[in-house]
Amino acid sequence: MAEKRTGTDTSKKGLAQMFKGGVIMDVVNAEQAKIAEKAGAVSVMALERVPSDIRRDGGVARMADPAQTKAIIAAVTIPVMGKCRIGHFVEAQVLQELGVDYIDESEVLTPADNANHIDKKKFTVPFVCGARNLGEALRRINEGASMIRTKGEAGTGNIVEAVKHIRAINEEVAALKNMNDSQLAEKAKEYRVPIELVKETKAAGRLTVVNFAAGGIATPCDAALCMQLGCDGVFVGSGIFKSTEPEKMARAIVDAVTHFRDAKKIAEVSTGLGKAMPGLDVLSMPEDQKLSKRGV
Amino acid sequence: MKVGILALHGDVEEHRKATLAAAKNLGLKVEVCEVRTARDLEGVTHLILPGGESSSFSLLMRESELLDAIKKRARTLKFFGTCAGLILLAKKFNKGTVDQVSLELLDVEVDRNAYGRQRESFEAEIDTKLGKINGVFIRAPRILKLNNGVEVLAEYKGEPVAVKEGNILACSFHPELTTTKFHELFLKGN
């Protein structure tokens with residue numbers, strides 16, 4: 001009998017494939033994790049504070065206390081993700097040790113390395129990374145990311161940046177279609193990735209890994225918008241537990257993602273949800289406060 | 001024949017591609033559709049329950065009319081479940097969420113996520129009655145017990161990982177990621 005191989009590319013990308021069409025929710029404790037699971041989340045993201053609180057508090061945002069992550073893992077049966085700082089491979093090692101199922105090398109936390117991302121191929125547990133455009137996405141995939149999400153602008157409850165990033169990736173992938181080999185080589189140089197990856201992306205007509213939306217999703221309509229724009233699923237950060245009725249909001253966003261083309265259903269689930277999280281304007285936001293500028 | 005794929009979430013696209021490739025290999029004409037509501041079941045002869053999270057599937061199926069609609073057609077539909085799909089088909093399952101339910105059609109008992117968390121997810125060559133294949137096990141459920149009428153199509157380290165009972169086919173791994181053999185058997189019937 002052949003021995004088993006763990007941490008393979010297929011099994012890492014595979015878990016993300018199982019999430020497609022689903023919602024991954026940010027949670028900071030066991031109680032929130034249970035609410036997310038009960039609402040039909042496909043996974044939860046365990047973190048110390050939701051992005052809007054990180055924004056408000058300022059200071060350095062780090063990996064959550066292991067006790068907090070362990071309590072969340074113990075509370076639910078669905079996969080649990082954990083966030084580490086960009087380039088902080090020791091936080092990633094600790095998250096893997098704790099048993100998290102996916103590691104988010106996240107710009108929402110304060111970067112630990114301004115020049116390097118983590119060499120993700122060294123890990124058994126898969127990684128998801130944020131991207132604003134195709135170059136960022138391909139660099140992360142080349143470093144070993146098994147899943148991509150748009151960065152959006154986390155903690156704002158404002159969908160505008162996520163939409164911008166989704167459209168940028170869509171347009172840049174579409175542009176590959178009519179390029180010849182020398183133009184593809186130029187793109188590979190511009191994106192700083194091997195030409196093979198650019199060619200694979202051209203052939204697939206999309207990113208070669210699962211691509212979720214994140215960063216600013218606050219309502220069922222926001223979530224369905226990202227799905228109709230071609231995303232494989234959505235992350236909801238502050239949008240659930242900063243709304244006035246988290247249980248209802250969580251359930252409604254799950255329904256809106258499953259039935260993302262069904263306006264009647266979305267209207268129904270959007271009714272009587274209480275108040276969505278307070279939003280922030282992104283246009284007037286100083287550039288140095290934009291989390292999406294981190295880790296390019 | 002019309003193959004419906006439960007599309008509440010999960011690896012629906014991978015099943016669609018494997019189904020179409022299997023149909024091409026067999027020279028069969030197959031229509032594939034996504035099933036999100038009871039209405040989508042119309043005309044469906046074969047139903048695939050994909051990989052995903054069985055707790056979420058259970059919730060969404062119970063709160064829509066889908067669970068009852070599928071149960072009502074249990075005798076006439078042909079079923080194929082992989083990973084979470086196996087749990088949805090099982091008569092008995094352990095370690096589910098508080099109010100998680102299944103279709104209770106396949107006479108096996110399964111343990112959810114029994115092969116471990118993601119760091120224990122694995123690939124391995126497995127011998128099946130359909131030939132050698134590369135099996136991908138992702139936080140996979142384990143088949144603990146099976147009743148007499150259930151045929152074992154594949155084992156890994158002495159444990160059943162693919163089974164068939166009447167009109168139901170199920171795997172604890174994800175054949176849709178690596179082979180069309182199981183989809184071919186599903187479309188052929190026997």
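Below, chains carry the letters A, B, ... as their sequence lines are ordered, and counting in each starts from 1.
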Does atom [atom1] of [X] have more than 12 heavy-atom neighbours from other groups under 6.0 Å away?
X	atom1	result
A/K70	NZ	no
B/E104	CD	yes
A/E31	CD	no
B/K72	NZ	no
B/E42	CD	no
A/D65	CG	yes
B/K24	NZ	no
B/Y115	OH	yes

With a 4.5 Å cut-off on heavy-atom pairs, point out which of [options] contacts chain B the most.
options	answer
A/R5, A/K12, A/K13, A/K34	A/R5
A/A39, A/P79, A/S43, A/G40	A/P79
A/I78, A/I73, A/T124	A/I78
A/A16, A/G14, A/G99	A/G99

(message) Can you confirm whether B/F137 sits close enough to A/K4 that some side-chain heavy atom of one is under 4.5 Å from a side-chain heavy atom of the other?
(response) no
(request) Check whether any side-chain heavy atom of A/V125 sits under 4.5 Å from a side-chain heavy atom of B/R117, and report yes or no. (result) no
(request) Taking salt bridge (Lys or Arg N to Asp or Glu O under 4.0 Å) as the test, write out the residues that go with A/E200, two or more places apart. (result) none
(message) Holding to salt bridge (Lys or Arg N to Asp or Glu O under 4.0 Å), I want the full list of residues that pass it with A/D232, two or more places apart in sequence or in another chain.
(response) A/R206
Contacting moiety of [X], where chain A heavy atoms sit under 4.5 Å:
X	result
B/R119	both
B/L8	both
B/A84	neither

Find the distance between [atom1] ([X]) and [atom2] ([Y]) and round it off to the nearest 0.5 Å.
X	Y	atom1	atom2	answer
A/S11	B/H174	OG	NE2	10.0 Å
B/N134	A/T8	CG	OG1	8.0 Å
B/T97	A/E37	OG1	CD	5.5 Å

(request) Could you look at A/V254 and say if it's the side chain, the backbone, both or neither that has a heavy atom under 4.5 Å from chain B? (result) side chain
Which atom of [X] lies closest to which atom of [Y], heavy atoms considered:
X	Y	result
B/R36	A/T258	NE-O, 2.7 Å
A/T77	B/R139	O-NH2, 2.8 Å
B/E123	A/T10	OE2-CB, 3.3 Å
B/L177	A/Q17	CD2-OE1, 3.6 Å

(message) For residues 49-63 of chain B, give me every residue with a non-hydrogen atom less than 4.5 Å from any non-hydrogen atom of chain A.
(response) B/G51, B/G52, B/E53, B/S55, B/S56, B/L59, B/L60, B/E63
(message) For residues 20-30 of chain A, give me every residue with a non-hydrogen atom less than 4.5 Å from any non-hydrogen atom of chain B.
(response) A/K20, A/G21, A/G22
